[in-house]
Structure formats: C-alpha cells, structure tokens
Engineer: 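Got a structure for you, written out below as structure tokens; questions coming shortly.
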Protein chains: 2
Amino acid sequence: MKRTTIEDVAKHANVSKSTVSQYLNNRFDYMSSKTRKRIEQSIIELNYQPNILARGLKQKTSSTIGVIVANILHVFSTQVIRAIEDYCNKRDFHVIVCNAEDDPVKEKRYIEMLRAKQVDGIIVFPTGGNVELYKEIKKSNYPVVFMDRLLPEVPVHSILLDNELAAELAVDEFVKNGHRQIGLVSPPLETKVTPRLERLEGFKKALEKHHMEYNPDYIIDGKISSIKDKLKDFLALPNPPTAVLAINDRTLLEILKYAKENDINIPETMALIGIDDVSYASIYNPTLTTIEQPTFEMGKKAVQVLFELMEGKNRKIEPEVHRFEPKIIVRESSEERLMQNE
Amino acid sequence: MKRTTIEDVAKHANVSKSTVSQYLNNRFDYMSSKTRKRIEQSIIELNYQPNILARGLKQKTSSTIGVIVANILHVFSTQVIRAIEDYCNKRDFHVIVCNAEDDPVKEKRYIEMLRAKQVDGIIVFPTGGNVELYKEIKKSNYPVVFMDRLLPEVPVHSILLDNELAAELAVDEFVKNGHRQIGLVSPPLETKVTPRLERLEGFKKALEKHHMEYNPDYIIDGKISSIKDKLKDFLALPNPPTAVLAINDRTLLEILKYAKENDINIPETMALIGIDDVSYASIYNPTLTTIEQPTFEMGKKAVQVLFELMEGKNRKIEPEVHRFEPKIIVRESSEERLMQNE
DNA sequence: CTGAAAGCGCTTACAG
DNA sequence: CTGAAAGCGCTTACAG
C-alpha cells in the first residue's frame, strides 16, 4: 500500500509539486483560484495526507515534544501529562511519554532517543542522576523544562509546588488543633528529591515558628515497604506523636494500612494530614485532611514555558523557578484533640 | 546550533557517507577493522547521533506507535500505557500518547495526526464514533489493535476483559452470602461501550443461573453526577437491593460517597462489590471486595499483537478477541448477610 | 502566477 | 572493502 504523496497530487491536479506545497502551507497570495480549486479537489479525491516526517526533515522540527516522568503510575504525573496533552493538541503537537521509573540510566536513554527523534523540546521530572547530560543540553540551548524537581547544579526553568508552604499549612492546622508532638513520614530522604527535602525543611521551619522543638525521633523515612514497621516503633515511643504528616500519597496509604491493621483511631490517637489529594479523601472514615497541588495548572505552565523556549522567546531570560501554591482541604482526620472532652 | 550529521562523521573519519551508514547499521561484513575503528572514534569525538526522522523517511518507519486512550485519568489506562511503554522501550520504540476523552472528533483528529506522523501502528480504546474510518484503516492493512472495547462492525484484534465473568463472579459471591436482591450501578448504558454492556449481560446471565429474576428497578445507569440521586430512589424502593455491584471504579466512588453522606452501613444495609481494583480497597472501612483486571498483562498483550501485525506476521489471521480473566478479591464489603445474628 | 532544482539527513542497490 | 548516485517526501529560494 503506497501512500499517496505530494507528487501524486501534483500530477492529478496538473501542477508542480511546488504549487501543491504552496497550497498546503496556505501561501495563496499568488495562486489563481482555479489551480487552488483543482488542488483542493485532488487532495480530497486522493485522500492525501502530507507526511509530517518529511516536512520535519526539511523544516527541522517534528511538532512533537517529549515528557519524561519519574513514574507514570503517580496520579500527579498522570494529571500533568493530561494538561500537557491538552495544550499540545490545540497546537497540533504530539507528546511522546516516557516513564523513567526514577532510573538515571533509563532517563539518559530516553533523552537520547528523544533527541534522535528530533523532538522540539522536553519536559522532565529529573532523577538527579544526569547532571552532566543536562549541563550539555542547557549549553546547546535545547528547550527543556524541569517538573517537580530541581537540579541545583543546572539552572533550568522549573515548575514546582511551594513545598515548604505545603508542610507549613499542615503544621499550622495541627497546632491550631492542639497538637504539640508532630511527626512526619516520608519515602527515603537521602535520595535528595526536591519535594521531600523542601517539605521537610518547611516542616522544620513551621515548628520553629510555633516555638516547638524538632525531634528526629518523630521523623520516619525509608522504603515504602518498611514504613509500617517504623510506624510501630514510632508509636511505641514514651511520648509518641499525636499527629502525623504524610509527605505524599504513597506514605499516606501505608499509614492508613497500619492504622487499619492495628486499630489506631484517627484522629483520636493520631491525627493525620496528607500532601497530595487522593480520590478517597472525602469518603474515608474519617474523611482525610489533604494538601492539594494545582496539578493541571502546573502541567499547563510547564508546556507554556516550553513553547516559549521553543519559539525562542525567553532564551535570554535567567531560568526561573515557577512556584505554585498548595491548598489545604480541612476534613476530619486532623480534627481537634480531645474532642470527646469538650 | 547545527547538529552533526552523517556527513560530518564521514569527513572526520575520511570515508564516505555510505560507509558510515554501513557502520551505523552494523553491516560489518566487508569493513576493515581500521575504518571501523576510525568511524567509531569519530562518532564519539563528534558526539554524533543519527537523525531517526531522516532514517524513517527512507525506511518508511518511524519506530513509534500511537496509543489513543479514552481517558488518561483512568487508572486502567495508566497501567495499560505503562505496560506498553515498557515493552516499546525494550525495542527502541517510542509511544505517542493521545487522550481522546471519549470524543469521536478528537479521536479522528488523533488518528489522522498519528498517521501523518507515520507511526507504525496504533492501539486504541475506540469511542465507537468512527466506524467508517476504522473500516478504511483496516482495508489499508494498517496495524491497529483495539483495547477494552469492540466495534462489532469492524473486526480487529482486540484485547478485552472477560466482562461477563467479572459480573458473574460478583453475583456468585453475593448469592453465596445470602443475597437475593442484587443491584447494579453503571455509567450511561446507552453509550454502547463494550465493558458496560457485557458486564450487564453477565449480570443478567448470572442471575438466571441462580434462578433469580432480573429486576430493571435494581439497575442504575446515568451520568456520574446523577448517581447519588438515583441511589436514593433505589434504596427507597419497597424492597430495595441488599447488595450492589459497582460496574467500575468511578461508580464505586459515588456509591461510597452516598453511603458516607447518608450513613448507610456496608455491608449490613447494603453489601458492595466493585469492578476495578482501587488503591484504597484494603484500607477502607470496611475493606472492599473488588474484581481485579490483569491490566499489565492486557497492555502487554496489546503491544505484542500490534508488533506481530507490524512485522506482518498475523495479517492473514482472522482478527481475534483476546480475553483476560478477572479475579475476585474477597474482602469485607461483601460479607454474609445478617452476620450479627450468627 | 507557476515550475525546476536543490536540499533536509539518511539508506541502499550497484559499480569498481 | 568502499564510494557515487539515486531516492524517501517534503519545502524553499529563485527564475521566468
């Protein structure tokens, strides 16, 4: 099945390839309406569709961008992808989605594949393992936007949550409700992933603001599979935390599993707030207080900035970190202590 | 920033473009190890990366496939995408992800864009609105695989859950636990989407198997936003259902919202099973009995079949419907009736 | 107003 | 064992 090409159309319409090309690119300035009609007709009759690859080869563009997410199974990634997709669709761009699984080797491969495929720009959740590569890319002026994470060594336009504020909102709410011993549960902190570090930092600052001491015993971090064990130790402390901040949806789920298995009362024994909105927040018993990220806005901003870079608009501008405000949705899991005594 | 091309490498290594191309395509049969080393060296020094678009133009392949999902926010879609991604990555293929939002117009645009971009094959969750288009595609022998949904008018290799079995498993479990009035909650049934129709069909057959009558009053279907209202009518029936099957994760969530807002006891007042595994199934109070789909296997099968089509292996074979078995995970929400009397 | 020619960066018979 | 030439399907000055 040979596909019909511009040449077929040209023959059919009795004009040259050039003229058909002019037509395709809407350069009607010097085209008689007769030829124009003939070409139009031929295209319909032959069901012609231009080969975008060939056009791209000549024009050095692929009308495609790449998105490399850390983990496509995270709801956050999905929502960001959707926002990017929407935006690109309106501009007749395509998006190639890559799932690096937080593996720098995969990340590198993807970047090379994407560039070999001449994508016009890349939005990436950087793993942190390819600093040199990103430095090169930046030097070559290739359009890149970072999502969710920073690489301190490589200043690039980045889209981030105001992570410190996210933690602060949670601590404020806990303090308001009478808590003085507040814990935090996180995936491994030594991986140096921006959101975790910044949320921890915001947590510390918020404690300070409320004149409370930071107690390392109240911090859990480790692989998801180890969290339940660590929670046990945590609650066996002589003076266990009465409130806990789950740094993301995955840790929140582990905490809830532990609570379920061990009949921990929420919020009586342990109040709870989770960063990331989860689908079940408003149906859980108790309903869950969460800190929401404006995921769609963040995704949209990322493509907007990328398109500006691709159009050469903001190349000169010093790369910025675009921060987005989280919002607390107060529900039952963070309710006031000792409610029953009121 | 001009990218380095095969010509640059050729000059640098003092050979012709042809020879470099031979090298790139691993045709070493007639190449002296000297030239081979020289080329190798030049490629490294110049940091050369072949332009895959140009290669594709010549070879008439793009090493890319397209995936058009009905809604990227569904967990099912995400997991399928991930499986496809994994598989493609191993074969140095890329995947362009498109989100049709169940809109036939968008779907059509995406298909045309993808073909214009010369993708080698497409996996699609068809909306049902582009029968003519798919007929044409099929006639042209272009590799396509349907996911999750069938188009009766267009036989194409399709990957589906055994939807009737999914409903049957749920009904069996309810019946085993003493229920005789079983309801079903679904998004709009008039949209003729395969999973809904087949699940309803399986539901009816299972009732029959157990010598129970099918009662249309026990069926809710409608827009997600209307489900809570309809549940109210439903439970106000003189003889309301004592057990309800949620046909997917979205309807399950609505049922749980309604139950929460109206203090409906699960499973005492209303037992519950949901098709689709949800993240919170094992932490909800009560834990939720669900019917799981083997999403990763299904995604993997879809790419495998697509690759076979692209390699021309199974073009002749009559298109098959590949069915996958769901699995019931029994938890608390479907527990036996009148437990408290035991 | 329209066409011939060159070129985008590759690959592939074919000649030598 | 290696190179010159043609061609993939477009676009774009440029000539007429």
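Values below: all heavy atoms of this structure, side chains included; hydrogens, waters and symmetry mates excluded. Sequence lines set the chain letters: A, B, ... in the order given, protein chains first and strands last, and positions in each chain run from 1.
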Engineer: I'd like to know if the side chain of A:K108 and the backbone of A:L133 have a donor-acceptor N/O pair within less than 3.5 Å.
Structural biologist: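 Looks like no, no N/O pair under 3.5 Å.
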Engineer: Take the angle between the ring planes of B:F76 and B:F125 and call it parallel below 30°, perpendicular above 60°, tilted in between.
Structural biologist: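 Rings of B:F76 and B:F125: perpendicular, over 60°.
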Engineer: Hey, is NZ on A:K106 packed in by over 12 heavy atoms from elsewhere, all under 6.0 Å?
Structural biologist: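 Atom NZ in A:K106 is crowded, with more than 12 foreign heavy atoms closer than 6.0 Å.
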Engineer: How many whole angstroms separate atom CG of B:L57 from atom C1' of D:dG7?
Structural biologist: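 To the nearest whole Å, that distance equals 9 Å.
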Engineer: Over how many whole Å does the gap from B:D8 atom CG to C:dG9 atom C1' extend?
Structural biologist: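 It works out to 10 Å between those atoms.
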Engineer: Any luck finding a side-chain donor-acceptor pair between B:S16 and B:T19 under 3.5 Å?
Structural biologist: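 Note: B:S16 and B:T19 side chains meet the donor-acceptor criterion.
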Engineer: Could you walk me through whether A:R109 and B:D92 pass salt bridge (Lys or Arg N to Asp or Glu O under 4.0 Å), step by step?
Structural biologist: CA-CA 9 Å; A:R109 253 192 93 234; B:D92 272 351; 2.3 Å; yes
Engineer: Please tabulate, for the side chains in residues 144-153 of chain A, all donor-acceptor contacts under 3.5 angstrom to protein atoms that are two or more places apart in sequence or on a different chain.
Structural biologist:
from   : atom 1 : to     : atom 2 : distance (Å)
A:R149 : NH1    : A:D102 : OD1    : 2.8
A:R149 : NH1    : A:P126 : O      : 3.1
A:R149 : NH2    : A:D102 : OD1    : 3.4
A:R149 : NH2    : A:D102 : OD2    : 3.3

Engineer: Under 3.5 Å, sequence neighbours excluded: what are the donor-acceptor pairs made by side chains of residues 111-118 of chain A?
Structural biologist:
from   : atom 1 : to    : atom 2 : distance (Å)
A:K117 : NZ     : B:S63 : O      : 2.9
A:K117 : NZ     : B:T64 : OG1    : 3.0
A:K117 : NZ     : B:H94 : ND1    : 3.0

Engineer: Does anything in residues 38-46 of chain B come within less than 4.0 Å of DNA chain D? Heavy atoms only, and list the residues if so.
Structural biologist: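 DNA chain D contact set from residues 38-46 of chain B: none.
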Engineer: Encode nucleotides 10-16 of chain D as B, S and - characters from 5' to 3', where the letter depends on protein heavy atoms closer than 4.0 Å: B to the base, S only to sugar-phosphate, - to neither.
Structural biologist: BBB----
Engineer: When you compare the side chains of B:E85 and A:N99, does any donor N or O come within less than 3.5 Å of an acceptor on the partner?
Structural biologist: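 A:N99 and B:E85 do not have a side-chain donor-acceptor pair below 3.5 Å.
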Engineer: Phosphate oxygens OP1/OP2 of C:dG9: is one of them under 4.0 Å from a side-chain N or O of A:K60?
Structural biologist: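 True: A:K60 side-chain N/O within range (under 4.0 Å) of C:dG9 OP1/OP2.
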Engineer: Does the ring center of B:F93 lie less than 6.0 Å from the ring center of B:F307?
Structural biologist: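 Ring centroids of B:F93 and B:F307 are less than 6.0 Å from each other.
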Engineer: Counting just side-chain N and O atoms, does B:S16 come under 4.0 Å of either OP1 or OP2 of D:dG3?
Structural biologist: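 For D:dG3, OP1/OP2 do have a side-chain N/O of B:S16 under 4.0 Å.
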Engineer: Listed by chain and number, what are the side-chain hydrogen bond (donor to acceptor under 3.5 Å, both in side chains) partners of B:T78, not counting sequence neighbours?
Structural biologist: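 Residues passing side-chain hydrogen bond (donor to acceptor under 3.5 Å, both in side chains) with B:T78: none at all.
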Engineer: Wobble G-U and Watson-Crick pairs count when both distances are under 3.5 Å; given that, what is the 5' to 3' dot-bracket string of DNA chain C, with | for pairing to other strands?
Structural biologist: |||.||||||||.|||
